[in-house]
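These figures come from a predicted structure and were not determined experimentally. Any value given below was found using the heavy atoms of this structure, including those in side chains, with hydrogens, waters and symmetry copies removed.
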Amino acid sequence: MFERLRGTRDFLPNEMAARKKVFSSIKKTIEEFGFFETDTPAIELFELYSIKSGEEIIEELYAFEDKGGRMISLRPELTPSVVRVLVSRAKELSFPAKWYSIPRLWRYERPQSGRLREFYQLNIDIFGSEDPRADIEVISCAIKLLCDLGFDESDIEVRISDRRMLQEFLLNLGIENYFDVLKIIDKREKISEKDFNEMLIGINLNNDQIKEIEIFLNSKGNFLSSIDALSKSYKGEGVSRIIESLKKIAQDLNDRGYENFVTFDPSIVRGLDYYTGMVFEVHDRKREFRALFGGGRYDNLAELFGGEHIPAVGFGMGDAVLELMMRRKNIWPEEKVQIDIFIATIGNVEREVTKALTSLRGSGFKVDFDIMNRNLSNQIKFADKLGANYLLIIGERDLKEGNVTLRELKSGSETKISYNKFISSPSSHLTKVL
RNA sequence: GCCGGGGUGGGGUAGCAUGGUUAUCCUAUGGGACUGUGGAUCCCAUGACUCGGGUUCAAAUCUCGGCUCCGGCCCCA
């Protein structure tokens with residue numbers, strides 16, 4: 001006997017049916033926003049991931065040397081692959097490109113709540129536009145797809161910030177070591193205020209600077225009004241341009257009816273180094289789970305990969321947290337596998353069964369039949385377990401008179417009909433339910 | 001990599017503190033009966049102490065280690 005590898009999952013038919021339902025709802029919403037689906041290989045050169053994260057990243061990857069001596073990794077995220085494609089095919093593509101994908105990803109990490117070693121992650125990105133309307137599309141698509149799954153503003157919070165703004169703000173305070181501060185701000189929710197202050201002192205900030213940072217971080221709240229307030233207290237050319245674009249995003253999200261979903265929250269920085277502007281995260285309001293979405297603007301990645309300048313904005317959403325949140329709200333579907341019709345047999349009627357199968361399947365029904373030589377009673381039991389809507393009984397005795405029996409399993413109502421009539425037009429006797 | 005708590009048939013469990021007959025019950029699965037309508041009911045069968053070492057006359061039970069699951073730290077793309 002073999003066991004499943006740590007942090008991986010098996011999906012049995014019923015579970016698969018449920019996931020399929022969730023994924024197709026998500027795909028439907030995204031395609032309504034004009035995104036097209038793409039896919040890339042599950043394996044890539046290791047360098048694709050070490051270029052921005054350094055060699056240490058190998059600890060968190062499923063990486064190995066292939067027979068040609070190349071270092072290969074299973075993809076831990078999709079963005080590098082998509083940007084690789086974009087850079088190499090930029091000449092033939094038309095922009096903006098709105099792409100989405102639901103890849104399987106692998107990360108060699110310790111599994112925890114909402115975190116696995118193999119998982120699915122929805123990615124959507126818009127490439128080629130620096131306009132805030134691209135940011136708006138991405139954020140609203142995220143909100144809309146959650147709404148279509150059954151969430152509302154009492155369940156989720158979209159926390160938005162902007163890295164450039166934070167950077168400008170820190171520069172104005174005379175703080176140069178921007179990334180060090182980001183790292184500490186990113187931790188703020190997990191640590192005490194005292195530790196937070198001590199860490200900032202640890203990177204040589206003075207008390208005045210720390211106080212200013214506190215005030216700035218506490219400016220979180222309703223997106224539009226927070227931005228308005230900021231625009232009054234922080235002047236300067238760099239800042240005001242950023243504020244203008246955030247204001248546009250905020251206003252538009254309000255116009256789309258998403259005012260109560262979005263919060264301005266300058267403590268959102270995201271761990272990833274490649275973000276260059278707007279960043280956002282989606283959390284459950286109770287903060288019971290880790291972030292459901294994370295994303296933002298990453299305008300420099302294409303250049304880092306050796307291509308021309310291609311601005312980009314997007315997000316990723318893992319399926320593990322999504323499932324936890326949907327189960328908590330009781331909106332994760334309890335799907336059952338189902339077929340339209342099961343054919344039970346009595347006696348030697350194989351040729352008649354074959355004809356019936358062919359006819360029914362030709363009309364688009366999902367059909368199955370007994371291949372276990374069970375007695376009638378057990379065939380009926382099995383049909384019930386398959387979730388069949390109809391049971392067709394083909395028996396030697398009735399067949400001598402040209403008849404078969406059709407039972408609707410839900411109601412139990414049963415009719416005897418002519419075999420020939422039935423197989424010449426099965427649709428007139430059945431209702432397709434799937 | 002580190003810390004805490006768990007692992008009893010396919011699923012859910014009783015037993016474990018205080019070591020001692022054939023390891024409990026429900027469910028699932030397979031078969032049978034009900035002579036072609038019993039999707040019910042009844043009967044039968046299959047099937048487990050996570051793995052390895054230690055203590056002991058004797059280990060599901062005590063002990064150590066591995067694996068793994070759950071949660072947390074690191075990290076989070």
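- Taking atom CD1 on A/Ile58 and atom C1' on B/A77, their separation rounds to 16 Å, with Å as the unit.
- Heavy atoms of other residues, nucleotides or ligands lying less than 6.0 angstrom from OH of A/Tyr108 number 12 at most.
- If you check B/A45 for Watson-Crick or wobble pairing at under 3.5 angstrom, you find it paired to B/U29.
- Under the 90° criterion around 0 for the glycosidic angle, B/G10 counts as anti.
- The partner of B/C74, taking Watson-Crick or G-U wobble pairs whose two distances both stay under 3.5 Å, does not exist in any strand shown.
- Base pairing of B/G7: its partner is B/C67, meeting the Watson-Crick or G-U wobble criterion (both donor-acceptor distances under 3.5 Å).
- Base engagement by A/Leu61 is indicated by at least one non-hydrogen atom pair under 4.0 Å involving a base atom.
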Inset, instruction - Starting at the 5' end of nucleotides 66-72 of chain B, put B wherever the base has a protein heavy atom under 4.0 Å, S where only the sugar-phosphate does, and a dash everywhere else. - result: --BSBSB

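- Put simply, the side chain of A/Arg361 gets close to the backbone of A/Val367: a donor and an acceptor are under 3.5 Å apart.
- For the pair A/Arg407 and A/Tyr390, the NZ or CZ position fails the cation-pi test of under 6.0 Å to the six-membered ring centre and within 45 degrees of the ring normal.
- Here B/U61 sits opposite no nucleotide as a Watson-Crick or G-U wobble pair (both hydrogen-bonding atom distances under 3.5 Å).
- Rounded to whole Å, the distance from CG on A/Asp319 to P on B/A77 is 17 Å.
- Across the C1' atoms, B/A59 and B/G19 are found 6 Å apart, a figure rounded to whole Å.
- Taking atom P in both B/U29 and B/G11, the straight-line distance is 14 Å, to the nearest Å.
- When rounded to the nearest whole Å, the span between NZ of A/Lys183 and C1' of B/C74 equals 11 Å.
- In this structure, A/Phe382 places its CZ atom 12 Å from C1' of B/U29, rounding to the nearest Å.
- With both ends at atom C1', the span from B/C51 to B/U8 equals 14 Å, rounded to whole Å.
- Nucleotide B/U37: unpaired (no Watson-Crick or G-U wobble partner with both distances less than 3.5 Å).
- Put simply, CG on A/Asn375 is 6 Å from P on B/G32, counting in whole angstrom units.
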Inset, instruction - Starting at the 5' end of nucleotides 35-47 of chain B, put B wherever the base has a protein heavy atom under 4.0 Å, S where only the sugar-phosphate does, and a dash everywhere else. - result: -BBSBS-------

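- As rounded to whole Å, 12 Å separates atom P of B/A77 from atom CG of A/Leu182.
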Legend entry - Candidate pair A/Glu77 and A/Arg107, rule salt bridge (charged side-chain N to carboxylate O under 4.0 Å, His left out), full reasoning: CA-CA 9 Å; A/Glu77 56 169 325; A/Arg107 295 176 187 173; 5.7 Å; no

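- Closest to the side chain of A/Arg374, from the set B/C75, B/G30, B/A33, is B/G30.
- Aromatic pair A/Phe46/A/Phe64: ring centres not closer than 6.0 Å.
- The separation of B/G65 from B/C74, taken at their C1' atoms, amounts to 25 Å, rounded to a whole angstrom.
- Rounded to an integer number of Å, the gap from CD of A/Glu60 to C1' of B/C73 is 14 Å.
- Rounded to the nearest 0.5 angstrom, A/Lys67 NZ and A/Ile72 CD1 are separated by 12.5 Å.
- Of all heavy-atom pairs between A/Leu376 and A/Ala344, the closest is CD1-CB, 3.9 Å.
- The CE-C1' distance, from A/Met317 to B/C76, rounds to 17 Å in whole Å.
- Between B/C26 and B/G9, the distance separating the two C1' atoms is 13 Å to the nearest Å.
- Rounded to the nearest Å, the gap between the C1' atom of B/U18 and that of B/A58 is 16 Å.
- With hydrogens and angles left out, the side chain of A/Arg115 and the base of B/C76 share a donor-acceptor pair within 3.5 Å.
- The nucleotide B/A17 finds no pairing partner, because no Watson-Crick or G-U wobble arrangement with both distances shorter than 3.5 Å includes it.
- Around CG of A/Asn373, the count of heavy atoms belonging to other residues, nucleotides or ligands within 6.0 Å does not exceed 12.
- The number of heavy-atom neighbours closer than 6.0 Å to CZ of A/Arg133, taken from other residues, nucleotides and ligands shown, is 12 or below.
- Nucleotides B/C3 and B/G66 place their P atoms 10 Å apart, quoted to the nearest Å.
- Annotation: side chain of A/Leu430 is in contact with side chain of A/Leu360 (closest heavy-atom distance under 4.5 Å).
- A/Phe35 carries A/Lys98 over the face of its six-membered ring, with the cationic atom under 6.0 Å from the centre and within 45° of the normal.
- For B/A28, neither phosphate oxygen OP1 nor OP2 lies less than 4.0 angstrom from any side-chain nitrogen or oxygen of A/Lys385.
- Here, B/U61 and B/C42 have their C1' atoms 37 Å apart, quoted to the whole Å.
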